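Have a look at the structure below, then the notes.
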Amino acid sequence: MALFKSLDNLEDDNKQKNIDSEVEKVKCLIIGSGPAGYTAAIYAARANLSPVLYEGLEPGGQLTTTNEVENFPGYPEGVTGPVMMEDLKKQAQRFGTDVRFGIATAADLSQRPFKITVDEKKIIEAESVIIATGATAKYLGLESETKFKGQGVSACATCDGFFYKGKDVAVVGGGDTAAEEATYLAGICNKVYLIIRKNYMRASKVMNERVMNTKNIEVLFEHTTKEIVGDMSGVTGVILNNKKGEEVKIDIHGFFVAIGHKPNSEIFADYLDTDEVGYIMTEPGSSKTKAGGVFACGDVMDSHYRQAVTAAGSGCKAAIDAEKFLGSL
Ligand code: NDP
């Protein structure tokens with residue numbers, strides 16, 4: 001057994017002490033570990049901003065719940081969501097990003113340095129903050145839905161629709177997202193059932209008409225989902241309850257949940273402008289928020305595109321904006 005610690009070990013110990021101490025000063029703090037957070041980290045690290053990144057509640061973000069990602073440029077054979085996120089993490093670490101487990105539980109963005117509380121105890125004082133906390137797709141909350149997540153149950157038709165080419169699928173929801181997902185899937189799949197709990201669609205008139213005019217979409221008004229059924233191959237059907245409470249079973253292979261998203265912005269909302277749903281508002285064409293030195297990127301500020309590649313692009317913008325900001329101090 002060695003009697004003395006190597007220099008490397010001492011450095012590791014010091015780093016650990018720094019992590020464990022109550023208050024830590026950081027130049028650039030990145031919150032969130034999806035494509036936006038990691039891309040921001042890659043750019044920030046390469047710009048010598050010594051970024052510290054906290055991974056958050058769902059390390060790797062929403063993509064870790066997706067099986068195959070085929071639309072991210074640079075992967076001709078496709079890649080699984082978890083593998084892609086691990087690659088992004090390694091790339092961020094390769095340039096010196098300090099990636100840590102931990103959830104930002106509170107924030108004071110009233111003045112610089114900004115104070116972010118991690119895991120309800122540790123305080124980070126940051127000269128700049130990049131918020132990349134993403135959005136969480138809402139699910140129905142059924143046990144069978146959780147069981148088949150990534151095996152037929154999805155919350156993103158653009159990501160996963162292709163796997164159901166020529167097959168029958170269902171979309172649940174009656175808003176613009178559900179209408180869009182249903183029409184998108186109708187172009188790929190044999191038949192799309194649109195399951196709506198009310199007797200009308202909440203989606204805009206134009207989307208409503210598009211759905212109604214698409215031959216292979218069948219709208220099931222006043223139906224609710226009771227259970228998703230399947231086997232080792234994944235989803236094979238869904239049991240619904242109609243208006244009279246009777247059970248109706250339809251055979252499908254894909255079940256797309258489109259009942260809305262919730263941006264993870266609560267702890268910042270007192271200091272930043274958000275829209276009525278909670279998406280952080282940024283200056284058009286940039287990642288700058290109302291608080292100088294605080295930047296937002298990815299799904300927490302984008303209710304529209306919500307793609308890994310657009311999130312990555314906005315993460316890049318946030319790091320460049322942070323670099324300019326820090327350089328101007
Ligand atoms: P919305 O909140 O507008 O719609 C959610 C839908 O899901 C509603 O029909 C709702 O039903 C239904 N729903 C909610 N919970 C359940 C549940 N537990 N079981 C069954 N159904 C449920 O969310 P969207 O994501 O559709 O849209 C969000 C915002 O983004 C909207 O402002 C929308 O206009 C906008 N958007 C715009 C687009 C565009 O302009 N191209 C595209 C996509 C979104 P109910 O009506 O009964 O409450």
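All residue numbers in this chain count up from 1 along the given sequence. All heavy atoms count here, side chains included; hydrogens, waters and symmetry mates do not. Everything quoted here is computed from the prediction, not taken from an experiment. Read the numbers this way: they start at 1 and go in the same order the structure lists the ligands and their atoms.
Nearest-heavy-atom check against atom 23 (O) of ligand 1 across Gly173, Ser303, Ala203, Gly260 picks out Gly260. Among Glu180, Lys138, Arg306, the residue whose heavy atom lies closest to atom 42 (C) of ligand 1 is Glu180. Of the options Ile259, Val277, Ile195, the smallest heavy-atom separation from atom 12 (C) of ligand 1 is shown by Ile259.
Within the structure, no pair that satisfies the side chain to side chain donor-acceptor pair (under 3.5 Å) test touches residues 44-53, not counting sequence neighbours.
In this structure Thr282 satisfies the side-chain contact (heavy atoms from CB on, under 4.5 Å) test together with Thr289, Ala296, Met301, sequence neighbours excluded.
Within the 4.0 Å cut-off (strictly below), no protein heavy atom is located near atom 31 (C) of ligand 1. In this structure, atom 37 (C) of ligand 1 is in close contact with the protein, since a protein heavy atom lies within 4.0 Å of it. Under the 4.0 angstrom criterion, atom 40 (O) of ligand 1 counts as lacking any protein heavy-atom contact. For atom 34 (O) of ligand 1, a protein non-hydrogen atom is found at a distance below 4.0 Å. Inside a 4.0 Å radius of atom 26 (O) of ligand 1 there is at least one protein heavy atom.
Nearest to atom 43 (C) of ligand 1 among the protein's heavy atoms is Thr177 OG1, 3.4 Å. The single protein non-hydrogen atom nearest to atom 48 (O) of ligand 1 is Arg202 NH2, 2.5 Å, given as residue, atom name and distance. Nearest non-hydrogen protein atom to atom 11 (O) of ligand 1 is Arg197 NE, 3.3 Å. Of all protein heavy atoms, the one lying nearest to atom 19 (N) of ligand 1 is Leu140 CD2, 3.4 Å.
Contact atoms of ligand 1 toward Gly174: 6 (C), 7 (O), 8 (C), 9 (O) (distance under 4.0 Å to a heavy atom of the residue). Annotation for ligand 1: atoms under 4.0 Å from non-hydrogen atoms of Lys198 are 45 (P), 46 (O), 47 (O), 48 (O).
Heavy-atom neighbours of Lys147 NZ from other residues, nucleotides or ligands within 6.0 Å: at or below the threshold of 12.
Nearest heavy atom pair, residue Leu194 against residue Gly173, reads CD1-O, 3.4 Å. Shown here for Ala45 and Thr97, the closest heavy-atom pair between the two residues is CB-OG1, 3.6 Å.
Side-chain rings of Tyr43 and Phe95 stay apart, their centers remaining 6.0 Å or farther from each other.
Taking 4.0 Å as the cut-off between side-chain N and carboxylate O, Glu283 and Lys290 do not count as a salt-bridged pair. A salt bridge does not link Arg197 with Glu222: none of the charged nitrogens is closer than 4.0 Å to a carboxylate oxygen.
Considering only heavy atoms from C-beta on, Lys149 comes within 4.5 Å of Tyr139 through its side chain.
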